[in-house]
Colleague: 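Before anything else, here's the structure in question.
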Amino acid sequence: MNTDMHYLQLLSQSFPNIAEASTEIINLEAIMNLPKGTEHFLADLHGESEAFQHVLKNASGNIKRKVNELFGNDIRESEKKELCTLIYYPEQKLELIKAQEEDLDDWYRITIHQLVKVCRDVSSKYTRSKVRKSLPQDFSYIIEELLHESLGDSDKAAYVSVIVNTIISTGRADDFIVAICNVIQRLAIDQLHILGDIYDRGPGAHKIMDTLRQYHSWDIQWGNHDILWMGASAGNNACICNVLRLCLRYANLATIEEYGINLVPLATFALDTYGDDPCEEFIPKVLADNQQLDEKTLLLTARMHKAIAVIQFKEEAKIFRRHPEWQMDDRCLFDSVDYEQGICHLDGKDYEMKSCHFPTIDPASPNSLTNEEKDLMDKLHHSFRISEKLHKHIRTLLSHGCMYTVTNSNLLFHASIPLCDDGSLKEVEIFPGNRYSGKALMHNIGMMIRAAFESGVDKELQVFPRDYARDYFLYLWCGKDSPLFDKSKMATFERYFLKDKDTYKEEKGNYFKLRDSAEICDRILDAFEVKGENRHIINGHVPVHASKGENPIKAGGRLMVIDGGFSEAYHNETGIAGYTLVYHSRGFQLVQHEPFTSARDAIVRETDIKSTTQIVEMSSHRMLVADTDKGEELRTQIADLKQLLYAYRHGILKEKRS
């Protein structure tokens, strides 16, 4: 016996005798032989809450696929579309159907039988215990009975018919249909992986977070935009400015308003300071031609946009100067402007400015905030720090997230792993005297992020000082060696203020230059100790230009890039509206989505997202739980339980009554 006696004594509290330990071994062995649960991978949601909700509801087309397999030619295409829409949006679709269906009881009867059939199929790969836990309390017993009764037996068929008829006659059909549709949605996806960037650009990041807080099983690998909001929540003023600037750039203030961030002081300051400035370079990007924004609102938004951008560059310079080890002094570009001639000295050359109207800049000390700017930043800082809902959402990101995850032979991260020119893992200094590469780098960055939120912790127990950790959010956002950025520079200043577009170029880091190489991907997978014959890197961050023929599958199948442009801002650039990846018991399927119109269209016109499924990799055998990380855990548990049985049978431990 190798198992520690203290551990066996603890284990015996849960399994006090041979009978209970044996039963658990039987149960775990049975679970090992169930099909692997379906994993769902999404990346770069960027506030597109309606599209996200729909992809979640239809499981990237998985539910439609099952409906087609189950019913084939037995029912019309229109009936299959109606059934799918009902599963996705049960409450709304029911109202429409009830308004036009002549024989509602007959429709209820047929539909309930169809839904039970779909539910039986999606639940077949789980234990009864797991299915039971997913059932709503009101209908738990009834759904369980319907799922496990065979209609082939005439007696049982009568029993099932009575249950269905009674559901209808007692006026509970609507509630039952809603309940079973929600169960189907839940069981269609066993684990949801989000590879970063819930925030920015789109209007509904807060809605996505509300959904995730209620979701049964999910994880996130933080993206650069998530980090920006986390930094703002932690009190990093440069991050606060960046968050507001991006919201104003896309004229999407819904999330800011939902978090209770008071923008009145910013609007007042912008009108007072830039009231005679047309701010042409700050007109909102996406909605510049949208008639919903009148000219007055558009101009106010542009002035607020410029006001916060100018303060942002000043706040960033303050942090860059505080940390010379970051080597980012060259990004303090207000120091490089000749305000009389209207030129900027950059990389040894002079460039003409688009405009040089900076009423809050003193050329003798260009990065100093005016008293009015200081007062404004104090108010904005306070607003972010006291937002209860924002902090609740950030705590959710912290509890479900990390910089990377290894799961079932897949390495997940948002953007990149810093590499040297020769493809070796690059050592990055994240704190003076602390240099890391690869797995250790990602782990310690995660520790740094958490340190920014630690309060009341003994300083001797802190891995990184809290003040430094708070500043480090800015480096993660725009630092050259940040695994969430990995570019030569962030050319925000140049795009706003310089005429020469050559200055806008941001050279990508070595990871993006070398990631097509199978050898490089294998090197990264080895560094993260990813095992398995068919192992992969899965990440997002850089949109795949499908319209230009770019393939999301790279490095001979070792790398899958699933940012296809969920955000509306990218649709013209990528030609599609995002990729999602489904990993079920038979292998990987990459789903390419066209733009989602609206939930209303989906309900009324039964329009699903038009999706194209590409089979990436199919397994030679149907994968079981035994083939997964969970299987490894269960094998360990079984071995421990067998040691416990040995201890009972040889008198090393005494059995107890259960």
Side-chain angles (χ1 to χ4, degrees), residues 42 44-57 192 194 196-215 218 220 222-237 239-270 284-287 290 292-293 297-298 300-301 304-305 307-308 312 376-401 453 473 477 566-569 596 598-600:
L42 285 76
D44 300 271
L45 306 174
H46 286 303
E48 298 294 341
S49 55
E50 274 208 346
F52 167 72
Q53 295 277 6
H54 189 80
V55 167
L56 219 55
K57 288 173 182 294
L192 174 66
I194 297 178
D197 279 0
I198 289 172
Y199 282 90
D200 288 332
R201 296 196 178 96
H206 56 287
K207 294 179 182 177
I208 294 173
M209 288 304 304
D210 283 337
T211 299
L212 290 173
R213 278 175 57 80
Q214 305 300 320
Y215 202 72
W218 67 283
I220 180 170
W222 302 314
N224 51 318
H225 288 270
D226 306 316
I227 287 295
L228 196 61
W229 280 79
M230 291 163 84
S233 172
N236 181 312
N237 281 352
C239 290
I240 288 172
C241 292
N242 269 289
V243 160
L244 293 174
R245 178 182 61 80
L246 284 165
C247 290
L248 290 160
R249 184 186 181 197
Y250 292 96
N252 278 325
L253 298 176
T255 300
I256 288 288
E257 290 165 359
E258 184 67 22
Y259 287 146
I261 307 300
N262 183 8
L263 293 184
V264 172
L266 175 57
T268 304
F269 173 83
K285 183 177 180 181
V286 176
L287 300 178
N290 193 325
Q292 291 178 337
L293 284 182
T297 305
L298 204 63
L300 173 60
T301 304
M304 292 168 69
H305 186 182
I308 203 65
Q312 172 196 310
L376 172 60
M377 278 313 303
D378 285 345
K379 290 173 181 173
L380 291 172
H381 182 98
H382 178 71
S383 207
F384 271 86
R385 294 294 286 153
I386 64 166
S387 172
E388 188 178 338
K389 185 163 187 175
L390 171 60
H391 287 278
K392 191 184 294 180
H393 285 173
I394 297 303
R395 284 195 299 272
T396 301
L397 288 180
L398 286 166
S399 63
H400 285 79
F453 295 94
F473 282 109
W477 169 245
F566 240 98
S567 172
E568 185 182 343
F596 180 59
S598 69
R600 177 171 174 76

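Quantities reported herein were computed from a predicted structural model and do not represent experimental measurements.
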Colleague: Working note: Ser387 + Ile261, criterion side-chain contact (heavy atoms from CB on, under 4.5 Å); need CA distance, chi angles, decisive distance, verdict.
Modeller: CA-CA 7 Å; Ser387 172; Ile261 307 300; 4.2 Å; yes

Colleague: When you compare the side chain of Met230 with that of Tyr199, does any pair of heavy atoms fall below 4.5 Å?
Modeller: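 The answer is no, as the side chains (C-beta and beyond) never meet within the 4.5 Å cut-off.
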
Colleague: Is Cys247 close to Asn252 at the side-chain level, that is, under 4.5 Å between some pair of heavy atoms?
Modeller: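 Side chain of Asn252 against side chain of Cys247, heavy atoms only: no contact under 4.5 Å found.
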
Colleague: Find the distance between CG (Leu263) and OG (Ser383) and round it off to the nearest 0.5 Å.
Modeller: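 Rounded to the nearest 0.5 Å, the CG-OG separation comes out at 7.5 Å.
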
Colleague: Given 3.5 Å as the limit, does a donor-acceptor pair link the side chain of Ser233 with the main chain of Ile394, or not?
Modeller: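 Checked: no pair found.
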
Colleague: When rounded to the nearest 0.5 angstrom, what distance separates CZ in Phe473 from CD1 in Ile227?
Modeller: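 If I round to the nearest 0.5 Å, the distance is 5.5 Å.
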
Colleague: Got Leu192 and Ile194 here, is their nearest side-chain heavy-atom distance under 4.5 Å?
Modeller: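 A side-chain contact exists here, since the closest heavy-atom pair is under 4.5 Å.
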
Colleague: Could you pull out all residues at least two apart from Gln312 that satisfy side-chain hydrogen bond (donor to acceptor under 3.5 Å, both in side chains)?
Modeller: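 Checked Gln312 against side-chain hydrogen bond (donor to acceptor under 3.5 Å, both in side chains); matches are Asn242, Arg245, Glu316.
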
Colleague: Could you list the residues that satisfy side-chain contact (heavy atoms from CB on, under 4.5 Å) with His382, not counting sequence neighbours?
Modeller: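 Once residues adjacent in sequence are excluded, the partners of His382 under the side-chain contact (heavy atoms from CB on, under 4.5 Å) criterion are Ile386.
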
Colleague: Just jot down the side-chain contact (heavy atoms from CB on, under 4.5 Å) partners of Leu246, sequence neighbours excluded, or say none.
Modeller: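 Once residues adjacent in sequence are excluded, the partners of Leu246 under the side-chain contact (heavy atoms from CB on, under 4.5 Å) criterion are Asp200, His225, Leu228, Arg249, Tyr250, Trp477.
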
Colleague: Could you tell me whether the side chain of Thr211 and the main chain of Lys207 form a donor-acceptor pair under 3.5 Å?
Modeller: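 Indeed, once roles are kept as given, a pair shorter than 3.5 Å links the two residues.
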
Colleague: Is there a donor-acceptor contact under 3.5 Å from the side chain of Asp197 to the main chain of His46?
Modeller: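 The answer is no, because no donor-acceptor pair under 3.5 Å joins these two groups.
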
Colleague: Assess the pair Tyr259 and Trp229: is the distance between their ring centroids shorter than 6.0 Å?
Modeller: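 Here the rings of Trp229 and Tyr259 have centres that are less than 6.0 Å from each other.
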
Colleague: Which residues satisfy the salt bridge (charged side-chain N to carboxylate O under 4.0 Å, His left out) test with Lys389, sequence neighbours excluded?
Modeller: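 Residues passing salt bridge (charged side-chain N to carboxylate O under 4.0 Å, His left out) with Lys389: Asp210, Glu258.
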
Colleague: For a quick test of reading the model, state the closest non-hydrogen atom pair linking Ala307 to Ala270 and the distance between them.
Modeller: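 That closest heavy-atom pairing would be CB-CB, 4.2 Å.
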
Colleague: Can you tell me how far CG of Leu380 sits from CZ of Arg385, rounded to the nearest 0.5 angstrom?
Modeller: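 So the gap between those two atoms works out to 14.0 Å.
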
Colleague: Can you confirm whether Trp218 sits close enough to Leu56 that some side-chain heavy atom of one is under 4.5 Å from a side-chain heavy atom of the other?
Modeller: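 Answer no - side chains too far apart.
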
Colleague: Donor-acceptor pair, His391 side chain versus Phe384 backbone, under 3.5 Å?
Modeller: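 The answer is yes, because a donor-acceptor pair under 3.5 Å joins these two groups.
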
Colleague: Just to verify, what does Thr301 make a side-chain contact (heavy atoms from CB on, under 4.5 Å) with, not counting sequence neighbours?
Modeller: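 Once residues adjacent in sequence are excluded, the partners of Thr301 under the side-chain contact (heavy atoms from CB on, under 4.5 Å) criterion are Leu248, Pro284, Thr297.
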
Colleague: Roughly how far, to the nearest 0.5 Å, is NE2 of His393 from CD1 of Ile208?
Modeller: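 It comes to 10.5 Å.
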
Colleague: Quick one: pull up CE in Met209 and OG in Ser49 and give me the separation to the nearest 0.5 Å.
Modeller: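 The OG atom of Ser49 is 13.0 Å from CE of Met209, to the nearest 0.5 Å.
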
Colleague: According to side-chain contact (heavy atoms from CB on, under 4.5 Å), who are the partners of Asp378, at least two apart in sequence or on a separate chain?
Modeller: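 Result, side-chain contact (heavy atoms from CB on, under 4.5 Å) vs Asp378: none returned.
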
Colleague: Could you give the distance from CD1 (Ile308) to SG (Cys241), rounded to the nearest 0.5 Å?
Modeller: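 The SG atom of Cys241 is 4.0 Å from CD1 of Ile308, to the nearest 0.5 Å.
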
Colleague: Please find the pair of heavy atoms, one from His381 and one from Ile240, that lie closest to each other, and give the distance.
Modeller: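 Shortest heavy-atom contact: CA-CD1, 3.8 Å.
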
Colleague: Verify the neighbour count for atom NZ of Lys57: are there more than 12 heavy atoms of other residues, nucleotides or ligands below 6.0 Å?
Modeller: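 Counting other residues, nucleotides and ligands, NZ of Lys57 exceeds 12 neighbours.
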
Colleague: Does any non-hydrogen side-chain atom of Ile256 lie less than 4.5 Å from one of Val243?
Modeller: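 The answer is yes, as the side chains (C-beta and beyond) meet within the 4.5 Å cut-off.
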
Colleague: Any heavy-atom pair between the side chains of Ile198 and Leu397 that's under 4.5 Å?
Modeller: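 Yes. Closest side-chain heavy atoms under 4.5 Å.
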
